[in-house]
Amino acid sequence: MKRTALITGGSRGIGKAIVSILKKEEFTVLAPDRSELDLLNDESIAAYGRKIRNTRIDVLINNAGINAPQWIEEMTDENIVQTIQVNLIAPVKLIRAAVPGMKKRRWGRIINISSMFGVIARGKQALYVATKHGINGITKSLALELAPNNILVNSVCPGFTATDLVLRNAPDKIKSLERDIPIGRLADPREIAKLVRFLVSDENSYMTGSIVVIDGGYTCK
Ligand SMILES: NC(=O)c1ccc[n+]([C@@H]2O[C@H](COP(=O)([O-])OP(=O)(O)OC[C@H]3O[C@@H](n4cnc5c(N)ncnc54)[C@H](OP(=O)(O)O)[C@@H]3O)[C@@H](O)[C@H]2O)c1
């Protein structure tokens with residue numbers, strides 16, 4: 001049976017790699033762009049939420065995320081609101097819309113793309129760190145709530161990955177990040193996608209509430 005996966009942020013980076021791998025696995029993939037679903041806009045989320053209540057969604061992947069590092073004294077109100085909105089509020093609202101159908105069919109897989117900064121911290125990134133720790137809490141709580149309905153909820157926590165989010169840094173900065181990674185290089189987005197592919201498949205029948213770190217060894221130090 002062909003399953004349907006909805007993914008946010010499928011236009012670039014890790015999301016694009018997930019879209020590509022799931023299409024190869026014969027999923028029907030819904031990857032709305034910003035004109036269909038703008039996670040900064042509550043009206044847009046509400047409208048999309050109404051739409052997915054009437055659409056078969058077997059797999060939901062909350063992937064889109066933003067990070068605008070600012071020291072605490074310079075942190076703008078706009079950054080506070082927007083980071084929490086995109087990284088935390090929008091994923092919860094999409095899960096809320098997708099769960100009734102999953103419950104009806106007694107099968108569902110929800111993946112929250114968090115970050116290794118959902119388990120450790122980094123200066124100048126309080127908002128990002130807070131939202132990624134927060135989404136991991138949501139994963140664990142919902143895993144408890146939804147396990148009786150055969151809906152498995154997991155977080156994937158990448159380390160530094162070769163996407164715009166990291167590649168926008170100066171080459172010297174990227175080299176210094178790589179020196180800090182035990183494997184000695186950034187992750188390829190396809191390496192993250194392969195993990196997601198397993199977690200959303202029927203092969204995963206027992207993992208739920210897991211906070212899975214995939215970081216080339218970074219958090220071991
Ligand atoms: N790259 C890393 O090193 C890294 C490490 C750990 C965790 N992560 C997490 O992995 C996820 C994907 O990151 P990435 O590196 O692939 O990011 P990216 O290359 O910067 O891409 C971000 C994606 O999110 C979408 N997006 C951003 N704001 C949006 C909004 N308001 N409404 C709808 N879509 C929006 C973007 O859409 P547009 O194309 O329209 O802008 C884009 O598809 C994020 O949650 C990030 O926190 C990344």
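Order of listing sets the numbers, starting from 1, for every ligand and every atom in it. Note that the coordinates shown come from a computational prediction; the quantities given were computed from them, not determined experimentally.
- When only interatomic distances are considered, the shortest N/O to N/O separation between L39 and ligand 1 falls below 3.5 Å.
- Scanning the protein heavy atoms around atom 8 (N) of ligand 1, the nearest turns out to be Y128 OH, 3.5 Å.
- Residue G13 has at least one heavy-atom neighbour below 4.0 Å for each of these atoms of ligand 1: 16 (O), 19 (O).
- Within ligand 1, the atoms closer than 4.0 Å to a non-hydrogen atom of I66 are 27 (C), 28 (N), numbered from 1 in the order shown.
- Only the side chain of V166 comes within contact range of ligand 1, with a heavy atom under 4.0 Å; no backbone atom does.
- For ligand 1, the polar-atom distance check finds no N/O of G15 at less than 3.5 Å from any of the ligand's N/O atoms.
- Short contacts between ligand 1 and D38, defined as distances under 4.0 Å to a heavy atom of the residue, involve ligand atoms 30 (C), 31 (N), 32 (N).
- Side chain to side chain, T139 and N112 meet the donor-acceptor criterion of an N or O pair below 3.5 Å.
- Ion pairing of D215 with K221 is absent here, as no side-chain N (NZ or NE/NH1/NH2) approaches a carboxylate O to less than 4.0 Å.
- A distance-only check finds a donor-acceptor pair linking the side chain of S44 to the backbone of D38 [under 3.5 Å].
- Ranking protein heavy atoms by distance to atom 15 (O) of ligand 1, first place goes to T163 OG1, 2.5 Å.
- When only modelled atom types and interatomic distance are considered, W107 and D202 share a side-chain donor-acceptor pair under 3.5 Å.
- In this structure, a donor-acceptor pair under 3.5 Å is absent between the side chains of S155 and S114.
- The closest approach between a heavy atom of D164 and any atom of ligand 1 is below 4.0 Å.
- Given atom 36 (C) of ligand 1, the protein heavy atom at minimum distance is R12 NH2, 3.6 Å.
- With hydrogens and angles ignored, the 3.5 Å screen pairs no side-chain donor or acceptor of R106 with any backbone N or O of K103.
- In this structure, the protein non-hydrogen atom closest to atom 45 (O) of ligand 1 is N63 O, 2.7 Å.
- Taking every heavy atom of L37 and a limit of under 4.0 angstrom, the matching atoms of ligand 1 come to 32 (N), 33 (C).
- For atom 9 (C) of ligand 1, the choice among A162, S114, S115 with the nearest heavy atom turns out to be S114.
- Near I14, meaning under 4.0 Å from one of its heavy atoms, ligand 1 places the atoms 10 (O), 16 (O), 48 (C).
- Of the protein's non-hydrogen atoms, G9 CA, 3.9 Å is the one closest to atom 23 (C) of ligand 1.
- In terms of protein heavy-atom proximity, atom 28 (N) of ligand 1 is closest to R34 NH2, 3.1 Å.
- Hydrophobic cluster membership differs between L37 and V59, with clusters built from Ile, Leu, Val, Met, Phe, Trp and Tyr side chains linked at under 4.5 angstrom.
- Residue-ligand proximity, F160 to ligand 1, at heavy-atom distances under 4.0 Å covers atoms 3 (O).
- Proximity of A90 to ligand 1 is not established, as no heavy-atom distance is less than 4.0 Å.
- Among protein heavy atoms, the minimum distance from atom 37 (O) of ligand 1 is reached at S11 OG, 3.5 Å.
- Using a cut-off of 4.0 Å between Lys/Arg side-chain N and Asp/Glu carboxylate O, D58 and R105 are scored as salt-bridged.
- A side-chain N or O of N87 and one of T131 form a donor-acceptor pair less than 3.5 Å apart.
- The shortest contact between atom 10 (O) of ligand 1 and any protein heavy atom is with I113 CG2, 3.3 Å.
- Ionic pairing of E191 and R185 is present here: one or more N-O contacts between side-chain nitrogen and carboxylate oxygen are shorter than 4.0 angstrom.
- Residue K16 does not touch ligand 1, judged by heavy-atom distances below 4.0 Å.
- A donor-acceptor contact shorter than 3.5 Å is absent between the side chain of R190 and the backbone of I18.
- No donor-acceptor distance shorter than 3.5 angstrom exists from the side chain of T83 to the backbone of I80, with no hydrogens or angles considered.
- Following chains of ILVMFWY side-chain contacts shorter than 4.5 Å, one can reach V196 starting from F198, so the two form part of one hydrophobic cluster.
- Heavy atoms of K132 come nearer than 4.0 angstrom to ligand 1 in at least one pair.
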